[in-house]
Amino acid sequence: MDAALIPEGVKRCSFPKFMLGIAIVGAVLLWGVYAMLLCWFKGLNQTNMNDYYGFALWIWADLAVIAIGGGAFFTGLLKYIFKIDELKNIINFAVIIGFICYSSALLILAIDIGQPLRGWFIFWHANVHSMLTEVAFCLSCYFAVLTIEFIPNILENRQLNKVPFFHHLAHNMHGTMAIFAATGAFLSFFHQGSLGGVAGVLYGRPFAFREGLLIWPWTFFLFTWSAAAFGPCFTLLVTRITEAVAGKKLVKDNVVHLLAKISGWMIVTYIIAKIIDTIYWATVTAPGLGFKMSHFYTNNGFYGYWILIAEIIVCGVIPGLLLINKTTRENPTLRLVAITLGVIGVCLNRWVMVLQVVAVPVMPFDTWALYIPSWQEVATTILPVAYGIILIAVTYRYLPVFPQEVELNQPTAQES
Amino acid sequence: MIQDKIAHKFGMVIDLDKCTGCGSCTVSCMSENNVPFKEDESDKKDSITWMRVYRLTNGKPFPDAQIVYLPRPCQHCGGTGDHGHSPCVSVCPATATDYGYDTGIVSQIYTRCFGCRYCMVSCPYHARYFNWWDPVWPEGMEKYLSPNVSPRMRGVVEKCSFCYHRYQLAREKAYVDGVDEIAEAAYQTACTTACPAAAITFGDLNNPAHKVHQIVKPDPHPDPMNPGVVGKSRNPKVFRLLERLGTNPKVYYMSEREWVRKLGDSYLEGEWEKVKNIYGSASQ
Amino acid sequence: MSEIENKTEHGSMDGATACAAGDPKNDTGLGLGVIFFIVAFLICFLSGWLLFPKLLYSKHEQPFNFDHVLHVEEAGSCDACHFLREDGTFSGIPKMVSCLECHTDEPMGDTPDELIFAREYVAKEREVPWFVYAKQPDCVFFSHAAHINAAGMDCKTCHGPIGETRTSRPYEENRLTGYSRDIWGKNIWGIKKNSWDRMKMNDCAKCHEQETGHKGYCFQCHK
Amino acid sequence: MKVDRRSFLGLGLGAVAGIAISPVGAKLTDDLSIWTQNWPWTPVPPDGEITYDHSVCSLCPGTCGITVRKIDGRPVKVEGRDTYPVNNGGACLHGIAGLQYLYDPSRVRTPLRKINTRFVPVSWEDALSLVADRLGELREKQTPEALACITDTDQGSVAGLFKHFMAAFGSPNLLTMPDLESWLAKAAETLHGSGHTLGFDLDHADFVLSFGAGLIDGWGSPVACFKAVAGRKQRDAKLIQFEPRLSNTAAAADKWIPVNPGTEADLALAMCGVLLRENLFEPEFADGFKGGFMRFNAMVQEKYPVEAVADLTGVPAVIIEETAIAFAKAKMPVALPGKGRGDGAQSLKEFAAVHTLNCLVGNINKKGGTFVRQNTDYLDFPYPVQDAVARKGMAAPRQAASVQELTARINQSGESELKVLMVYNANPCYSLNDPSSIRTAFEKIPFKVCFSSFMDETAMVSDVILPISTFLERMEDVPSKAGFAGSVVGLAKPVVNPVFDTRSPGDAVIQIARALGGTLSQSFGWRNYEACLEEVAAGIWDDLIRQGYAVLLNPFPAEPVTTDFAFLAENPETIQPAGEYEFTLIPIDNIGITTTVPASSPFAIKTVSDRIIKGQDMFVEINPQTASGLKDGGFVTLTTPAGSARVRVDFNDGIMPGVIGMVKGLGHRFDNKYVAGKGVNVNDLISPVIEPGSGTDAAFGVKAGISRA
C-alpha cells in the first residue's frame with residue numbers, strides 16, 4: 001500500500017499491522033495531549049506541584065531527556081570532528097533520537113511554565129545571569145541544528161529523493177554537516193552544563209550548591225560530561241529495542257562495540273569526577289554551611305541513602321566497568337544490562353538534582369516535603385515517549401535510517 | 001530629587017519575645033496587598049501568605065516544652081557580599097524580579113513573570129508563592145481590593161514587597177511637600193503598623209537615626225569568618241535566618257532566649273558554642 | 001558503501017530523467033503556482049498592513065465633545081482641573097465636583113455638547129464616563145508628582161498638545177488587550193515621531209536613562 | 001492550465017510570506033502576552049482619592065478604635081486607630097479582616113421569613129408587622145412574660161433599647177450570653193454588692209497571676225492585653241500562668257505552672273489560705289472586709305490545706321506557697337480569673353476565689369491594681385411607659401438566670417411557657433455547651449425572631465430573620481468592658497452604606513415598638529436610633545462626635561470598697577469535669593478562631609495552623625506520654641458522656657498528660673465554605689452543668705475517652 005515510500009531493498013511489516021501499532025501508541029499520545037490541554041486551560045493547579053515543589057516531575061523529565069539525548073551531539077562530535085567513520089552507520093539514528101528528546105524537552109517546558117503565552121519573555125527580556133536563560137537559548141539553537149541534521153535523512157526518502165532539488169540539497173547538506181556537528185557540540189556543551197548550573201548555583205539550597213570555576217559550578221561540567229557519557233548508552237539502548245521490535249539486525253556489532261567502549265570510558269571518567277565532587281561537597285561545602293551529610297538524607301523511603309548508592313555505584317561504576325571491559329562489553333546481555341543501568345543512572349542523577357534539592361528542609365525548623373505527581377503530570381510526561389515511538393516507527397519505515405540494514409539482511413537463497 | 005540621595009536599605013527587626021503569634025501581621029498584609037484566599041487554605045504548601053508565622057518549639061518534653069512564633073516576610077536578601085545578587089534575582093530568566101539598589105528591596109513584577117518558578121526553588125525561606133489558581137473573591141468582595149497593589153493573575157509568582165506602594169505614596173507626599181527625606185514614620189509596612197505587640201520595627205538600616213539601625217547595629221564589614229556575609233548584627237540578641245548561606249537578609253530577629261537564636265541557622269556539633277558570642281567583626 | 005553515497009552517485013541522473021519526464025505539465029503548474037503565490041502574497045501582505053489594524057482596534061466616541069482650548073482660556077492652566085492632591089496623588093480626569101465649581105445644570109454657553117453635559121450628567125448627578133486616552137494598565141504605577149514637581153516636566157511631553165484641541169478624537173481600544181491605542185502608538189509598527197506618540201515602558205525607560213542616568217528599577221513604575 | 005498540487009503550494013507559501021512580512025505576527029505575539037497580563041476575569045480595583053474614617057470595632061468585647069482607609073468612598077483597609085485610648089494603634093486580625101464581613105457569603109441580605117422549613121425573602125415592612133402581630137397577641141392575651149429576649153451583652157444603647165422594650169412590653173425574661181464581662185460583674189456583685197464590675201490595670205501591674213486567662217489568646221480586650229504582655233520587658237513585670245496546657249499566653253509568660261483542669265478555684269483558695277495564715281493580707285483594705293471574713297478564713301484553713309490542694313491540682317505545695325507569697329509581696333499584683341477568653345462556661349466560685357486574692361493583698365483601685373467600680377452608666381433612658389399589662393408581666397417571676405437554665409426548663413416542661421423569643425447578635429445554638437439541646441428547646445418556642453447579620457445556626461432555627469447592618473455600616477455606642485482598666489465609650493460610625501437591605505438593630509426595635517402602638521410607641525418616641533442615641537447619651541455626645549470616643553473614668557475609681565465573703569465562706573462545690581473516662585477534654589481558645597458572633601473571616605481561618613485544621617478535619621492536642629497506641633496525626637474517636645467525634649491527634653509536648661485540648665469555634669454548620677464544615681464543635685461534646693451560685697453553666701471541661709478510628 002505504502003510500498004512506494006519504503007526504502008529500496010528492505011523489508012517492512014504490512015501497512016495494517018504498522019497502523020495498528022501506531023494506533024495503540026497514538027491512544028497514549030492522545031491521553032497525554034488531553035492532560036496537556038487541561039494544564040494549559042485550567043492552569044497548573046492540575047498538577048501536584050506546590051510552593052515547596054516549584055520544580056518537579058516535568059523539570060526532571062526535561063533534564064533527563066536532554067541528558068539521554070546527548071548521544072546525538074556526542075556521536076556527531078565523534079563522527080564529524082574526530083572522524084570516527086564507523087559511527088556514520090548509527091549517526092542518523094542518534095540524530096533522530098536527539099531530535100525527539102529535544103523537541104520533547106521544549107514541549108514539556110511549554111506546559112511547565114505558568115504563562116505559556118509569555119514564554120518568549122525569556123528571550124526578549126533575558127537575564128544573562130540566569131542559567132535558565134542560557135539553557136533556553138542553547139536549547140532552542142541546538143534544536144534548530146538537530147532539525148538541520150535531520151533534514152537530509154528525511155530527504156533521502158525514496159519519493160522525496162526523486163525531486164532533484166531535494167536530492168541535491170540532501171547531498172550538499174551531508175557535505176556541510178561537519179559545521180553543524182561542531183556548532184551542535186559547542187551549544188550542547190553549554191546547555192548541558194547550564195542545566196547542571198541550574199542546580200549548582202542555588203546557594204540558598206545547600207544540597208544543590210557547588211563551588212566551581214568562574215561563574216560555572218562543578219555541576220556544570222559534571223552534567224555535560226554525564227550527558228556525553230550516558231547519551232550513547234541511550235542511543236544503543238533504543239537501537240537494541242528497535243532491532244528487537246523489527247526482529248533483525250540494523251547496526252553491525254563493531255559499530256555498537258565501538259560506541260559502547262567510548263561510552264564506557266566516558267562513564268568511568270565521569271563517575272570518578274562525580275565521586276570526588278560528592279566527597280568534597282559532603283566534607284567541605286555543606287559542613288561549611290552548617291550541614292552534616294546526614295541532614296540531606298532521610299529514612300522516609302523517598303530520599304534515603306539508597307538513592308546515592310544506586311546513582312553512583314549501581315548505575316555508575318558498574319555500567320562503566322562492564323563497558324570498558326572487552327569481554328563483558330561484547331556480551332550482548334551484559335552490554336544490555338550496562339547501557340540500561342547507565343540510562344537509569346543519569347536519570348536518577350537528574351531526579352536527585354531537581355527533586356531532592358527542594359525536598360530537603362533548609363531552615364532548621366522546616367520539614368521534609370514529599371510529592372506524588374498527579375495523573376496529568378504523568379500523562380504529559382509519557383506523551384513525549386509515545387510521540388518518540390511513533391516518530392521512530394515512521395522514520396524507520398520510510399527513511400534509510402540504518403545504512404547497514406540492507407547489507408545485514410540479504411535475502412537468502414531459499415527466499416529468492 | 002529623592003532618588004539622587006544616598007541609597008536606602010530598608011529592613012526590619014522582629015522581637016520574637018514580643019511576638020504573640022496572633023496573626024495580625026499576616027492578615028494585615030493579605031488585606032493590604034490583595035492576597036487571594038481559597039475555601040480550603042489548610043494545605044500550607046499551597047496557601048499564599050506573604051507574611052507567614054512559623055511555630056517553633058524547643059523540642060523538650062512536658063513540662064519543659066516552649067513555643068516561640070517567628071513571622072517570616074520576604075527577607076529581601078542582598079545576596080552574597082550584599083551585592084544585590086539575591087538567590088532569586090540572580091536566577092530569574094526574564095528579569096521579572098530585580099534588586100532595587102536605591103532601597104534594597106527585591107521586586108516582583110507579576111506581568112513580567114512567566115511562571116517558571118526557578119526563583120521559588122532558589123529561595124530557602126519559602127517566601128515566594130505561585131498562583132496555582134485564578135484569584136477568585138466571593139461575590140461582591142472584590143469591592144474591597146486596593147488599587148495600590150495590582151491583583152495577580154494565575155500562573156505567576158508573588159511575594160512580600162515591603163509594601164513598596166507605601167514607599168511610593170510617601171515619596172509622592174514628599175514631592176508635593178518639597179522635602180528631600182522621607183520621615184521614618186512616613187513609610188512603614190502594613191505588618192509593622194498592625195502588630196498589636198509592636199514586635200516589628202521597620203526602617204532604613206543605613207540611617208543611624210532610624211530605630212531599626214539602632215537595634216540591629218549592622219556591621220558594615222564582611223564577617224571575617226565568612227566573607228560573603230555582610231551586615232551581621234552587632235547586637236548579641238539579634239540574628240538572621242540562615243545567615244551562613246550568605247543570602248544577607250534584611251530581616252533581623254531578636255530574642256533573649258538562646259534556643260531561639262540557635263534555631264536561626266544550622267550548626268554542626270559544638271559550632272554554636274563557638275560562634276554564639278561573636279557578633280560582627282567589630283566585636284572581635 | 002553506504003546507501004547515502006549510493007544515491008549521490010546516481011542521484012543526479014535520476015533527477016534529470018524525472019524532470020525530462022514531467023517538463024510541460026510542470027511548467028504550467030509551476031506558472032500557475034507562481035500566480036497563485038503572488039496573488040495570495042499580495043492579499044495577505046496588504047490586509048496585514050491595512051485591514052489588520054482596523055480590525056484590531058474598536059473605536060469609541062467620547063460621551064460628548066470637549067473643547068480644551070475653551071476651558072484652558074477660562075481656567076488658565078491644565079492643573080486647574082488636572083491637579084495633584086494634597087497627599088501627592090494625581091486627580092486625573094476631573095470628577096463632577098470640580099466641574100461644578102464653574103458649571104451648573106444650566107449651560108453657560110450655547111454649544112450642544114454643554115447641553116448634553118448639563119442635561120445628562122449635571123442634572124442627573126452622574127459622573128461623565130470619559131475614555132482616558134493615556135490610560136495605563138493596572139500593573140503600572142505612575143507618579144505625576146515625581147514628574148511635575150521633582151522633574152519639572154510639562155504635560156505636553158507625554159500627553160501632547162491635547163490642551164490645544166477643540167474636539168475630542170475617538171478613543172481607540174485594542175480588542176485583545178483592552179489598552180488605549182495611545183500606549184502602542186498610532187503607527188502599527190509603533191514608530192514614533194513625537195515624544196508623546198507612544199507610552200510603552202521603553203519610552204519611560206529611555207527618558208529615565210537620559211535624565212537620571214538609569215532606566216530605573218522595576219518597582220519604580222510597577223505595582 | 002490546470003490547478004494542481006503546486007498551485008496550492010504556491011497559494012499557501014504566498015499567504016505565509018505575505019503575513020510574515022506584515023506586522024501581524026509581531027503585534028499579535030505582543031498583544032497575546034499583554035492579554036494574559038490583563039485577563040478580564042482578574043479584577044482591577046478602581047483608583048481614586050484616599051480618605052480615612054475613624055470608627056470603633058465591635059466584633060468582640062475588645063472595642064478597639066479603628067481607622068478605615070477608603071478610595072473614593074470605597075473602604076479598602078481596616079487598621080487600628082492610633083491614640084485610641086483602648087488599643088493605641090494596632091488591631092487584631094479579626095478587626096483588620098473586618099471588610100470581609102461586609103461581603104461574607106453567609107450575610108443575610110434581606111428580611112427572611114420561614115415558611116415550612118424554607119426561608120423566603122420579605123420586605124422590612126412585612127417582616128416588622130409580622131413580628132409586631134405575634135407580640136401583640138401576647139399582650140392581648142395578657143401574657144407579655146411569654147416573651148423572652150437574648151442579647152450578646154447588656155452594655156450599650158442597643159442592649160439598652162432591648163431592655164427598654166422588654167420593660168415597656170412587660171417581660172422580665174431578658175437574658176444575656178455569658179461573656180467575660182458578665183462573669184466579672186457576677187464576681188464583683190458577689191463580693192462587693194450589685195452594680196459593680198471589675199477592671200484590671202495590666203499596663204502597670206508588675207506581677208500578674210493568671211488562672212488560665214488567655215491574655216494573648218483573646219481574653220478581655222485583646223489588643224490592650226497584647227500590649228500589656230509585650231510591654232512587660234520594659235517595666236520588668238512578671239506574668240505567672242496557671243494552665244493545663246502551654247497556651248500562647250503560657251509560652252509568653254515568665255513562668256508556666258501546669259494545673260489540673262477544673263481545680264483553679266481550689267488553687268486560688270489554697271493561696272488565700274497561705275496569705276491569711278502568713279498574715280500577708282493588707283490590713284488597711286481589710287477594714288472593708290465583712291460578711292463572714294472569719295468564717296471564710298476558717299473554711300480555707302480547714303478545707304484547703306496546701307498539701308491536699310497540691311495533690312488535687314498537681315501543683316507542688318512549695319510552688320503554691322512561693323507563688324502566693326511572691327504575689328503578696330509584689331508592689332502591684334493582679335490575679336486574673338477567666339480561662340481562655342473568659343467567656344462561655346466559667347465558674348463563679350473560681351472568679352470569686354481568684355478575685356479574693358486581689359482583695360486580700362488590697363491592691364484595689366490603685367495604679368497597677370484591680371479596679372472595683374460602679375457599672376459606668378453613661379446612658380440615660382427615660383423610664384418606659386408601662387400599662388397594666390406590662391406591670392403585671394414585669395411582676396411575674398423571671399424564668400431563668402441564664403440561657404441554659406431557660407432551655408433546660410423548656411426541655412423539661414411539656415409545652416413551652418415562652419411563646420416568642422427574640423435573639424440579638426448571639427448564636428446560642430452554637431456557642432453554648434450542648435447546642436443541640438438548645439436547638440430542641442428553641443424548636444418548642446412557637447415564634448422566634450433573630451436580629452442577625454449572618455445566617456448562623458441560631459438564625460437558621462428562627463421563624464423571622466431581621467438582617468442587621470454590620471459594625472461598619474451603622475452607628476452605635478461601644479463601651480469598653482471585659483476587664484479593661486479604663487472606661488471608654490467609642491462611637492462606631494457607618495463607614496459605608498449598607499451593602500444589603502439591612503437596618504440598624506436599634507431602628508428595628510424602635511419600629512417594632514411603634515408597630516405595637518399604645519404604651520410601647522409612647523415609650524419609643526424617637527425618630528430613629530441615631531436620635532435615640534443622641535438623646536440617651538447626651539452627656540457624652542459632644543465628645544463622641546468630636547473625637548469619636550469619650551473617657552468616662554480617669555484614672556481610676558475612688559469610692560471605698562467593701563468585700564463580702566459570705567458566698568465563699570459557704571464553700572460552694574467546685575464543678576468538676578463530668579464523666580467516667582480516663583482523659584479530661586478541655587476547650588482551647590485560639591486567637592484566630594472566633595467562638596461567638598460572627599464566625600471567623602476567610603483571612604482569619606487562613607492563619608490557622610494545619611495542626612488545627614487540615615481539610616475538613618480538626619486536630620486535638622494530646623501529650624505523647626499518654627497517647628499510647630495512637631499515632632501522631634492519626635484519626636481517633638473522641639467519646640464523652642455527651643457524644644463522640646472523629647478527629648485527628650496532634651502529639652503536643654505542651655499539654656498535661658491525661659488532658660486533651662480541643663479548639664473552640666469550629667464545626668459550624670451554615671452556608672459558608674470558608675469557615676463552616678471544618679472540624680467539630682467542641683460544645684457538642686460537653687453537657688452543661690448549672691453552677692448553683694451563678695445559675696449559669698460552669699462545665700468548662702469534660703471527661704473523655706479516646707480510641708483509634
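Here is the naming used below: chain letters follow the sequence lines, and residue numbers restart at 1 for every chain.
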Compute whether any side-chain donor of one residue and acceptor of the other, for [X] and [Y], lie under 3.5 angstrom apart.
X      : Y      : value
D/N248 : B/Y69  : yes
D/K606 : B/T26  : no
B/E139 : D/Y103 : no

Counting heavy-atom pairs closer than 4.5 Å to chain D, which one of [options] comes out on top?
options                      : answer
B/A197, B/S24, B/A65         : B/S24
B/N148, B/D40, B/L169, B/D17 : B/D40
B/M30, B/E142, B/Q66, B/R112 : B/M30
B/G23, B/S47, B/A194         : B/A194

Under 4.5 Å heavy-atom distance to chain B, tell me which part of [X] shows up: side chain, backbone, both or neither.
X      : answer
D/T249 : neither
D/P46  : backbone
D/A97  : both
D/K678 : side chain
D/P258 : side chain
D/Q616 : neither
D/L93  : both
D/R232 : neither
D/N623 : side chain
D/T36  : backbone
D/N652 : side chain
D/L102 : neither

Q. Hey, which of D/I655, D/V499, D/I50, D/V229 has the most heavy atom pairs under 4.5 Å with chain B?
A. D/I655
Q | B/P196 side chain near D/P222 side chain, heavy-atom distance below 4.5 Å | A | no
Region of [X] that comes under 4.5 Å of a non-hydrogen atom in chain D:
X      : answer
B/I200 : neither
B/E32  : both
B/R154 : both
B/D64  : neither
B/V35  : both

Q: Indicate yes or no: does B/E41 engage D/K673 in a salt bridge with an N to O separation below 4.0 Å.
A: no
Q | Result of checking B/P151, B/S150, B/S146 against D/P45 for side-chain contact (heavy atoms from CB on, under 4.5 Å) | A | B/P151
Q: Report the C-alpha distance between D/W39 and B/Y110 in whole Å, list the side-chain angles of each, state the deciding distance to 0.1 Å, and finish with yes or no for ring pair (Phe, Tyr, Trp, His ring centres under 6.0 Å).
A: CA-CA 13 Å; D/W39 275 336; B/Y110 319 119; over 10 Å; no
